[in-house]
J.: 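Provided herewith is a single structure, encoded as structure tokens, for subsequent inquiry.
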Protein chains: 2
Amino acid sequence: MCAQSTEFAQALRDAGLRVTHQRMTVMAILKDSVDHPSADELFERARKVDGAVSFATVYRTLSALEEAGLVRKLTFESDPARFEITPAAEHDHLVDVDTGEMIELASEDINRLRRALVDDLGYEIVAQTTLIRVRKKPAP
Amino acid sequence: MCAQSTEFAQALRDAGLRVTHQRMTVMAILKDSVDHPSADELFERARKVDGAVSFATVYRTLSALEEAGLVRKLTFESDPARFEITPAAEHDHLVDVDTGEMIELASEDINRLRRALVDDLGYEIVAQTTLIRVRKKPAP
DNA sequence: CTATACTTGCAAATGCTTCTCATTTACATG
DNA sequence: CATGTAAATGAGAAGCATTTGCAAGTATAG
């Protein structure tokens with residue numbers, strides 16, 4: 001975790017942000033979370049590690065990190081936003097409507113196709129989010 | 001507009017909903033809007049046509065219609081939701097980050113690919129939304 | 001070590017959306 | 001066409017996720 005710490009700290013510095021233990025805590029927790037937590041869940045988990053983290057700071061940290069490109073926010077319908085460390089490769093997200101579970105779906109083919117289409121319209125992609133509500137198929 | 005009216009009325013009846021002039025107004029306005037208006041914009045426009053439409057009713061109408069599958073809600077980041085008459089063919093949405101303008105992007109190739117990938121994972125698609133933030137490319 | 005600009009905590013504020021409840025209305029029935 | 005009743009509406013209050021104001025705390029340059 002030590003190597004990871006210095007990595008996070010450097011990322012913060014690169015983004016022109018001060019290295020505070022609250023930010024380090026949030027980043028560490030987010031990195032360890034495979035389930036794309038909401039701000040609320042993140043706050044709960046952060047609090048267990050570092051009692052001195054407030055709700056407001058979780059939100060402020062997340063938007064600072066998002067602006068710096070280190071974190072991505074996933075808005076799904078009218079549900080609370082969920083967050084993930086910015087992924088190296090772009091991917092879409094499936095949400096199981098019955099369980100709420102979130103699954104990642106990577107496809108370089110789709111990405112390529114999409115980039116080409118957007119390009120043809122004279123635009124360049126700034127950011128993108130695909131959220132697909134799915135249901136498990138009944139066993140055949 | 002007369003033919004369209006009876007069409008809307010029938011759609012409402014099919015969905016088990018009563019035909020009220022408020023609902024007719026909202027549907028007509030939404031049908032005529034090419035810009036995917038928010039509930040607020042829809043309310044403003046509806047009010048001009050029919051003074052007796054309230055904010056609450058716009059929201060209630062939209063969710064009733066959404067539940068009936070006649071309307072689709074687009075949630076984009078933390079911005080207010082926008083709405084469109086449920087499209088015949090699935091398509092993605094681009095939002096110009098500078099102007100807020102929304103453009104539709106249809107690609108049967110992407111849809112097919114996506115369906116296949118989701119299918120492979122053992123799921124079936126219930127609904128999907130892709131929102132791509134874009135910026136106009138500088139002229140070359 | 002000190003200065004200072006950036007951060008934080010707390011609580012209040014905000015903004016979109018939903019709900020409550022009294023009143024009105026659509027429409028099946030006589 | 002009159003009437004009963006369940007559904008729909010208007011106005012405003014309530015709810016919830018997120019943001020903000022301000023006083024106090026703290027990272028970091030010098």
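Every chain is numbered from 1, with letters handed out A, B, ... down the list of sequences. Heavy-atom basis, side chains included; hydrogens, waters and symmetry copies ignored.
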J.: Exactly one of A:R114, A:R115, A:R72 should register a salt bridge (charged side-chain N to carboxylate O under 4.0 Å, His left out) with A:E90. Which one does?
T.: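 Exactly one option meets the salt bridge (charged side-chain N to carboxylate O under 4.0 Å, His left out) with A:E90, and it is A:R72.
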J.: Under 4.5 Å between any side-chain heavy atoms of A:L74 and A:E84, yes or no?
T.: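 The answer is yes; the side chains approach within 4.5 Å.
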J.: What is the distance, rounded to the nearest whole Å, between atom CG of A:D50 and atom P of C:dG9?
T.: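 That distance rounds to 8 Å.
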J.: Detail all sub-3.5 Å separations between protein N/O atoms and N/O atoms belonging to nucleotides 17-19 of chain D.
T.:
from, atom 1, to, atom 2, distance (Å)
D:dT18, OP1, A:A81, N, 2.9
D:dT18, OP2, A:Y59, OH, 2.4
D:dT18, O5', A:Y59, OH, 3.2

J.: Once you build an axis from the first five pairs and another from the last five of the helix from C:dC1-D:dG30 to C:dG30-D:dC1, how far apart in angle are they, to 10 degrees?
T.: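 What I find for the helix from C:dC1-D:dG30 to C:dG30-D:dC1 is an axis angle of 40°.
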J.: Could you tell me whether A:K137 atom NZ has more than 12 heavy atoms of other residues or ligands within 6.0 Å of it?
T.: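 Counting neighbours around NZ of A:K137, more than 12 heavy atoms of other residues, nucleotides or ligands fall under 6.0 Å, so yes.
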J.: Decide yes or no for B:L17 and B:R23: does some side-chain heavy atom of the first lie under 4.5 Å from some side-chain heavy atom of the second?
T.: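 Counting from C-beta outward, B:L17 and B:R23 do come under 4.5 Å.
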J.: Quickly work out the B:L12 CG to C:dA26 C1' distance and round it to whole Å.
T.: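 It works out to 12 Å between those atoms.
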J.: With sequence neighbours excluded, what pairs up with A:H93 under the ring-ring contact (aromatic ring centres under 6.0 Å, His included) test?
T.: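 Counting only residues at least two positions away or on another chain, A:H93 forms a ring-ring contact (aromatic ring centres under 6.0 Å, His included) with A:H36, A:H91.
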J.: Do A:D96 and A:K136 have side chains that get closer than 4.5 Å, going by heavy atoms?
T.: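 Answer yes - side chains close enough.
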J.: Heavy atoms, side chains only, cut-off 4.5 Å: are A:M27 and A:K31 in contact?
T.: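 Not in contact.
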J.: Between protein and nucleotides 4-7 of chain D, what N or O pairs are separated by less than 3.5 Å?
T.:
from, atom 1, to, atom 2, distance (Å)
D:dA6, N3, B:R18, NH1, 3.4
D:dA7, O4', B:R18, NH1, 3.4
D:dA7, O4', B:R18, NH2, 3.4

J.: Between atom CG in A:D14 and atom C1' in D:dT28, what is the gap in whole Å?
T.: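 Roughly 16 Å, once rounded to whole Å.
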J.: Please determine whether a side-chain nitrogen or oxygen atom of A:T20 lies at a distance below 4.0 Å from atom OP1 or OP2 of C:dT8.
T.: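 For C:dT8, OP1/OP2 do have a side-chain N/O of A:T20 under 4.0 Å.
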J.: Linking Ile, Leu, Val, Met, Phe, Trp and Tyr through side-chain heavy atoms less than 4.5 Å apart, which residues share a cluster with B:V126?
T.: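 Besides B:V126, the hydrophobic cluster comprises A:V97, listed by chain and residue number.
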J.: Whole angstrom is fine here: how far is it from CE in B:M24 over to P in C:dC27?
T.: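 Spelled out: CE on B:M24 to P on C:dC27 is 10 Å.
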J.: Is the phosphate of D:dG10 approached by B:Q22 (side-chain N or O, under 4.0 Å from OP1 or OP2)?
T.: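 So the side-chain polar atoms of B:Q22 do come within 4.0 Å of the phosphate oxygens OP1 or OP2 of D:dG10, strictly under.
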J.: Taking only the side-chain nitrogens and oxygens of B:T57, find out if one of them lies under 4.0 Å from OP1 or OP2 of D:dG10.
T.: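 For D:dG10, OP1/OP2 do have a side-chain N/O of B:T57 under 4.0 Å.
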J.: What's the CZ-C1' distance between A:F8 and D:dA27, to the nearest Å?
T.: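 To the nearest whole Å, that distance equals 20 Å.
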J.: C:dG15 P sits how many Å from B:F43 CZ, rounded?
T.: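 It is 17 Å, rounded to the nearest whole Å.
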J.: Taking for each residue the nucleotide of DNA chain D with the nearest heavy atom, is it B:A52 or A:V19 whose nucleotide lies nearer the 5' end?
T.: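 Checking each residue's closest nucleotide, the 5'-ward one belongs to B:A52.
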J.: Does any non-hydrogen side-chain atom of A:L42 lie less than 4.5 Å from one of A:L62?
T.: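 Yes, side chains in contact.
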J.: So for atom CD, which belongs to A:E67, do other residues, nucleotides or ligands contribute more than 12 heavy atoms lying within a distance under 6.0 Å?
T.: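 Counting neighbours around CD of A:E67, 12 or fewer heavy atoms of other residues, nucleotides or ligands fall under 6.0 Å, so no.
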J.: Side chains of B:V19 and B:M24: closer than 4.5 Å at any heavy-atom pair?
T.: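 Yes, at least one pair of side-chain atoms sits under 4.5 Å.
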J.: Expressed in angstrom and rounded to an integer, what is the separation of B:E44 atom CD from C:dC16 atom P?
T.: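 Whole-Å distance recorded here is 12 Å.
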J.: Using whole Å, what does the distance between atom P of nucleotide C:dT24 and atom NE2 of B:H21 come to?
T.: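 It is 13 Å, rounded to the nearest whole Å.
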J.: Quick test of your reading: applying ring-ring contact (aromatic ring centres under 6.0 Å, His included), list the pairs with at least one residue in residues 112-137 of chain A, sequence neighbours left out, ordered by first then second residue.
T.: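 Listed by first then second residue: nothing to list.
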